[in-house]
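Working notes, structure below.
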Number of protein chains: 2
Amino acid sequence: MLFLMQVAVEIKQQIIDVADIRFRRYGFGKTTMWEIAKDCRMSAANLYRYFENKEEIGVEIALKCLHNKEEVGRAVLRRKDLNAEQRLKAFFLEILRYTHQLCEKDLHLFELVAFISEEHPEVVQGHQASLRSFIAEILAEGNRSGEFEVIDIVTTAATILFATVHFYYPPLVMMKNRGLAELEDAEDAVITLLVQGLTKR
Amino acid sequence: MLFLMQVAVEIKQQIIDVADIRFRRYGFGKTTMWEIAKDCRMSAANLYRYFENKEEIGVEIALKCLHNKEEVGRAVLRRKDLNAEQRLKAFFLEILRYTHQLCEKDLHLFELVAFISEEHPEVVQGHQASLRSFIAEILAEGNRSGEFEVIDIVTTAATILFATVHFYYPPLVMMKNRGLAELEDAEDAVITLLVQGLTKR
DNA sequence: CTAATAAATAATCAACAAAATATTCATTAT
DNA sequence: ATAATGAATATTTTGTTGATTATTTATTAG
C-alpha cells in the first residue's frame with residue numbers, strides 16, 4: 001500500500017462525502033465506483049489509490065454514522081440538569097430516537113450499516129464499547145452522588161447494554177408492527193426497572 | 001372451505017408429522033408437496049384439503065416448536081426448590097439453552113421458525129405472550145413470598161421480556177462470535193441486576 | 001355428500017449466457 | 001518519486017429460458 005500525502009486525506013474525505021450522498025439516495029449496491037469517481041472528477045481506477053475496495057468506503061460511512069449516533073449519547077452526558085436515573089433514561093431515549101429516525105428516513109443507510117456490521121464485527125464492537133463507556137460514566141456519577149451503589153461498574157455497564165438492545169440495535173428498533181411511541185414507553189419501563197429492581201425494600 | 005370430519009384431524013396430524021421430519025432433514029424449501037404427499041400415500045392435490053398451502057404446514061410446525069420451548073420454561077415453574085430469583089434465572093437459562101441447542105442442532109428448523117416468524121407475526125406474538133405469563137407467575141410468587149415488591153405484574157413481566165430478548169430470540173442467541181457460555185454469564189448478570197436494581201439501599 | 005385423484009395452470013427455481021461492474025495492471029503525466 | 005488514467009481482467013449482477021414445484025380445476029370413486 002502507498003504512503004499517502006496530506007492532500008490525500010482531503011481527497012479521501014471527498015470520496016467519502018460523495019459516496020455518502022449516493023449511498024443514502026440509491027443504496028450501496030446501486031452505486032457504482034464509476035459514479036463515485038465521476039462525482040470526484042477522477043477515474044474509477046484512481047479510487048483504489050485511496051481505498052482498498054468499495055466495501056472499505058462503506059465501512060467509513062458506517063463508522064461515521066455510528067459516530068454521529070454516539071455523539072447524540074455523549075451530548076446527554078454533558079447535561080447538568082439530570083440525576084443519574086434521568087440521565088440513563090435520557091441517554092437511551094436519545095439513542096432510540098436517533099436510531100429510529102435514521103432507519104426510517106434513510107432506509108439505504110440502515111441497510112448499509114446492517115451489511116457492514118455483518119461483515120465487520122469490529123465496527124459494531126467498537127460502537128458497543130463506546131456506548132458501554134458512556135453508561136459506565138453515568139454509573140460512576142450515580143455512585144458519586146449516592147444515588148447508585150454499583151460495585152463493578154464495567155461489568156454492570158455491559159449488563160445494561162445487554163438489557164437495552166431493543167433501543168439501539170437497528171433490526172430490533174425497526175421490527176415490524178411496533179411504533180416509536182411503544183418503544184419509548186418500554187425504554188422508560190426498562191430503565192426504571194433496572195434502577196429500582198424487583199426486590200422488596 | 002370444507003367442514004372436516006373427525007378423521008381429518010388425524011390426517012392433518014399425519015401430514016404435520018411427515019412434513020416435520022422432512023423439514024428438519026432437508027429444510028422447508030427443499031421439501032416438495034409431492035414428497036409430503038407420498039409419505040402420506042396420497043396425491044399432492046389432496047394435501048390442499050387439509051392445509052391452505054405449504055406455508056400453513058410450516059406454521060403448524062413452527063408453532064409446535066415454540067410450544068416445546070414453552071414447555072421447557074413451564075417445567076421450571078413447577079420446581080419446588082427455588083425461590084423467585086432462582087426461578088427467574090433458571091427459567092431464562094433453560095429457555096436460552098433450549099433455543100441455542102435447537103438452532104445449533106437443527107439449522108433447518110431455525111430457518112423455518114425465522115421465516116414463519118417473519119411472515120406471521122401473530123405466531124411470535126403468541127409465543128411472547130406465553131413467556132410473559134410465565135414471568136408474571138414467577139413475579140406473583142415472589143410477591144407472595146415477600147421476596148419481590150412488584151406493583152403492576154403484567155407490565156413488569158412485559159418489561160422483563162424486553163430486557164431479556166438476548167436469551168430467547170433466536171437471531172440474537174445465534175449471533176456470531178459469541179459462545180453459549182458467555183450468554184449464560186450474561187443471563188445471570190441481567191437477572192441479578194433486574195432483581196437488585198442499581199439503587200443504593 | 002366426502003375423499004381423492006389426474007391433469008391443467010401458475011408460480012418459483014436453477015442454470016446458464018450476457019451485461020455490468022469491481023478491481024488490477026501497464027502506461028502516461030506531472 | 002506521486003497522481004492519474006485507459007484498457008485488461010475478474011467478479012458480480014441481471015436477464016432469460018427450461019424445468020421443477022405449488023396450487024387449482026375438473027373429474028372419478030365411494
Side-chain angles (χ1 to χ4, degrees), chain A residues 1-23 25-62 108 111-112 114-116 118-120, chain B residues 1-23 25-62 108 111-112 114-116 118-120:
Chain A
M1 195 45 194
L2 298 167
F3 180 75
L4 295 175
M5 303 286 93
Q6 184 55 38
V7 61
V9 174
E10 288 160 34
I11 297 178
K12 273 189 87 155
Q13 191 54 50
Q14 181 192 25
I15 294 170
I16 290 172
D17 291 342
V18 155
D20 186 293
I21 292 170
R22 285 201 176 262
F23 288 173
R25 193 168 301 168
Y26 309 109
F28 182 77
K30 293 290 185 192
T31 297
T32 71
M33 292 295 268
W34 186 84
E35 288 167 337
I36 296 171
K38 281 311 117 190
D39 288 350
C40 299
R41 301 159 199 256
M42 60 172 69
S43 67
N46 202 38
L47 291 173
Y48 291 85
R49 291 178 44 73
Y50 301 93
F51 293 94
E52 275 304 311
N53 49 41
K54 187 180 177 183
E55 194 168 308
E56 205 184 273
I57 302 178
V59 169
E60 290 298 324
I61 291 171
H108 290 314
E111 284 162 1
L112 173 63
F115 169 66
I116 296 295
E118 192 67 23
E119 312 289 312
H120 297 264
Chain B
M1 196 43 195
L2 298 168
F3 180 74
L4 294 175
M5 303 284 94
Q6 183 53 41
V7 62
V9 174
E10 289 160 33
I11 296 178
K12 273 190 88 154
Q13 190 54 50
Q14 183 193 25
I15 294 169
I16 291 172
D17 290 342
V18 306
D20 184 296
I21 292 171
R22 285 201 178 264
F23 287 173
R25 195 167 302 170
Y26 309 109
F28 182 77
K30 291 290 184 192
T31 297
T32 71
M33 292 296 267
W34 185 85
E35 288 167 336
I36 296 171
K38 282 311 118 190
D39 289 348
C40 299
R41 301 161 200 257
M42 61 172 67
S43 67
N46 203 37
L47 292 173
Y48 291 85
R49 291 178 45 72
Y50 301 94
F51 293 93
E52 276 301 313
N53 49 40
K54 188 181 176 182
E55 194 168 308
E56 205 183 275
I57 302 177
V59 168
E60 290 298 324
I61 291 170
H108 288 314
E111 284 163 1
L112 174 63
F115 169 65
I116 296 295
E118 192 68 23
E119 312 290 312
H120 297 262

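To find a chain, count down the sequence lines: A is the first, B the second, and so on, and within it residues start at 1.
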| query | Sequence neighbours excluded, which residues qualify as side-chain contact (heavy atoms from CB on, under 4.5 Å) partners of B/N46? | reply | B/M42, B/S43, B/R49, B/Y50
| Contact pattern, 5' to 3', of nucleotides 20-28 of chain C - B, S or - by protein heavy atom under 4.0 Å | -SSBBB---
| query | Expressed in angstrom and rounded to an integer, what is the separation of B/L47 atom CG from D/dT21 atom C1'? | reply | 13 Å
| said: Are A/E35 and A/K38 packed together at the side-chain level, in the sense that at least one heavy-atom pair is separated by less than 4.5 angstrom? | reply: no
| field | Which residues share a ring pair (Phe, Tyr, Trp, His ring centres under 6.0 Å) with B/Y26, sequence neighbours left out | value | none
| Given atom CD of A/E10 and atom P of D/dA3, what is their separation to the nearest angstrom? | 12 Å
| field | Integer-rounded Å distance: D/dT24 C1' and B/R49 CZ | value | 14 Å
| request: Please report, rounded to the nearest Å, how far the C1' atom of D/dA4 is from the CZ atom of A/R41. | output: 16 Å
| said: Just to verify, what does A/Q13 make a side chain to side chain donor-acceptor pair (under 3.5 Å) with, not counting sequence neighbours? | reply: A/D17
| query | B/N53: what forms a side chain to side chain donor-acceptor pair (under 3.5 Å) with it, not counting sequence neighbours? | reply | none
| remark: Sorted by chain and number, sequence neighbours left out, side-chain contact (heavy atoms from CB on, under 4.5 Å) with A/A19 holds for A/F23, A/I36, A/I57, A/I61
| For B/H120, side chain to side chain donor-acceptor pair (under 3.5 Å) partners two or more places apart | B/E55, B/E122
| field | Gap between atoms CZ and P, on B/F115 and C/dT12 respectively (whole Å) | value | 11 Å
| Does B/Y50 make a side-chain N or O approach to OP1 or OP2 of C/dA4 shorter than 4.0 Å? | yes
| For A/E118, side-chain contact (heavy atoms from CB on, under 4.5 Å) partners two or more places apart | B/K176
| request: Scan nucleotides 8-19 of chain D nucleotide by nucleotide, 5' to 3', and note B when protein non-hydrogen atoms come under 4.0 Å of the base, S if they reach only the sugar-phosphate, - if neither. | output: ------S-----
| query | Rounding to a whole Å, what distance do you find between B/E35:CD and D/dA22:C1'? | reply | 13 Å
